[in-house]
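The structure appears below as structure tokens.
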Amino acid sequence: MALLLGAALLGTHFLMAALSQAPLSPAKVKYYHVVDSYLAPYFAQNWKLFAPDPLSDDRGILARAKCADGTTTEYFDVTTPYIKEVHSTRFFPSRMSRVVTGAIQRLTEMDEAARRVREKAERDESKTPLPVLPEEKTSQEESVTFLARYSLDQMPQACNGNARKIQIRMHIHELPQWSQRNNAEAEGKVTVKDFSWQEASKLR
């Protein structure tokens, strides 16, 4: 009985993982919420270990809080502290760093098939751009909530420990092209995106 139960659980796990990596299809859209709620964040699949993309940008998260009196704090650098912690413990780094980095990546990544369709629509102005897919919207919302919760834990001093709302800001620094590696004045491009305020009471 135990072997049958174990085999069923293992089979379900592999089925979920396979469906998460399958090409975009009606089945994937229909069962996305079920698969994502099971896999994220600890069982999320990422094949970039075998074919990584060259590093082309530097990403990070800033966060600020809104207090009960209506004042808003300055932005707090959320990503630098955990990066320094990882660098100081090379042999036994905290897994939390991977979870945070994964959440940041999920804010901008999209399904490969959807990406190709959007790129084709950009080249052909007569085609209607593909709208944001339900799974893309859900993934972003879950990432924003997770990063807001993490930010709240990282800034306990905000509002004397009684923050009412948290807002995160993602910044992306696109690194200069490789051809400009010897140009001391090459700075790259920086883009910033602010996300909606999150109620602190729902994050705790």
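In what follows, residues are counted from 1 in the order of the sequence shown.
When the side chains of ILVMFWY residues are joined at heavy-atom separations under 4.5 Å, either directly or via intervening members, W197 and F146 end up in two distinct hydrophobic clusters. Grouping the Ile, Leu, Val, Met, Phe, Trp and Tyr side chains by contacts below 4.5 angstrom, directly or via other members, places V190 apart from I172. Y150 and F76 end up in the same hydrophobic cluster when Ile, Leu, Val, Met, Phe, Trp and Tyr side chains are linked at under 4.5 Å.
When all heavy atoms of C67 and R164 are compared, the closest pair comes out as C-CG, 4.0 Å. In terms of heavy atoms, Q198 sits closest to A148 at CG-CB, 3.8 Å. Smallest separation of non-hydrogen atoms from A158 and A65: CB-CB, 3.9 Å. Between S151 and I61 the shortest heavy-atom distance is OG-CG2, 4.3 Å. A pairwise comparison of heavy atoms in G161 and R204 identifies O-NH2, 4.1 Å as the closest pair.
Between T79 and I104, the closest side-chain pair of non-hydrogen atoms falls below 4.5 Å. Taking the side chain as every heavy atom from C-beta outward, D57 and H173 never approach each other to under 4.5 Å. In this structure, E199 and K165 have side chains that are in contact, with non-hydrogen atoms separated by less than 4.5 Å. Looking at L62 and D77, their side chains come closer than 4.5 Å, going by heavy atoms from C-beta outward. Between H13 and Y38, the closest side-chain pair of non-hydrogen atoms falls below 4.5 Å. By the 4.5 Å heavy-atom criterion applied to side chains, E136 and Q140 are not counted as neighbours.
Taking a 4.5 Å side-chain heavy-atom cut-off between Ile, Leu, Val, Met, Phe, Trp and Tyr, the cluster of L10 extends to F14. Cluster partners of L3: none. The rule joins Ile, Leu, Val, Met, Phe, Trp and Tyr whenever side-chain heavy atoms lie under 4.5 Å apart, and it links nothing here. The hydrophobic cluster analysis finds L15 isolated: no Ile, Leu, Val, Met, Phe, Trp or Tyr side chain comes under 4.5 Å of it, directly or through other members.
Under the rule for a side-chain contact (heavy atoms from CB on, under 4.5 Å), the partners of E142 that lie at least two apart in sequence or sit in another chain are D36, R106, T138. Evaluation of the salt bridge (Lys or Arg N to Asp or Glu O under 4.0 Å) rule for K66 yields no partner, not counting sequence neighbours. In this view, S88 satisfies the side-chain contact (heavy atoms from CB on, under 4.5 Å) rule with no residue, not counting sequence neighbours.
By the neighbour-count criterion of 12 heavy atoms within 6.0 Å, atom CD of E187 is sparsely surrounded, having that number or fewer from other residues, nucleotides or ligands. By the neighbour-count criterion of 12 heavy atoms within 6.0 Å, atom CG of D153 is densely surrounded, having more than that number from other residues, nucleotides or ligands. More than 12 heavy atoms of other shown residues, nucleotides or ligands fall within 6.0 angstrom of atom CD in Q157.
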Inset, instruction - Decide side-chain contact (heavy atoms from CB on, under 4.5 Å) for L147 and L107; before the verdict, give the C-alpha distance in whole Å, the side-chain angles of both, and the deciding distance to 0.1 Å. - result: CA-CA 10 Å; L147 290 170; L107 289 176; 3.7 Å; yes
Legend entry - Test log, rule side-chain contact (heavy atoms from CB on, under 4.5 Å), inputs T71 and T73: CA-CA 7 Å; T71 60; T73 66; over 6 Å; no
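Here the OG1-CD1 distance, from T145 to I168, works out to 8.5 Å after rounding to the nearest 0.5 Å. Atom OG1 of T101 sits about 11.0 Å away from atom CZ of R59, to the nearest 0.5 Å.
Between the side chain of Q167 and the backbone N or O of F195 there is at least one donor-acceptor pair closer than 3.5 Å.
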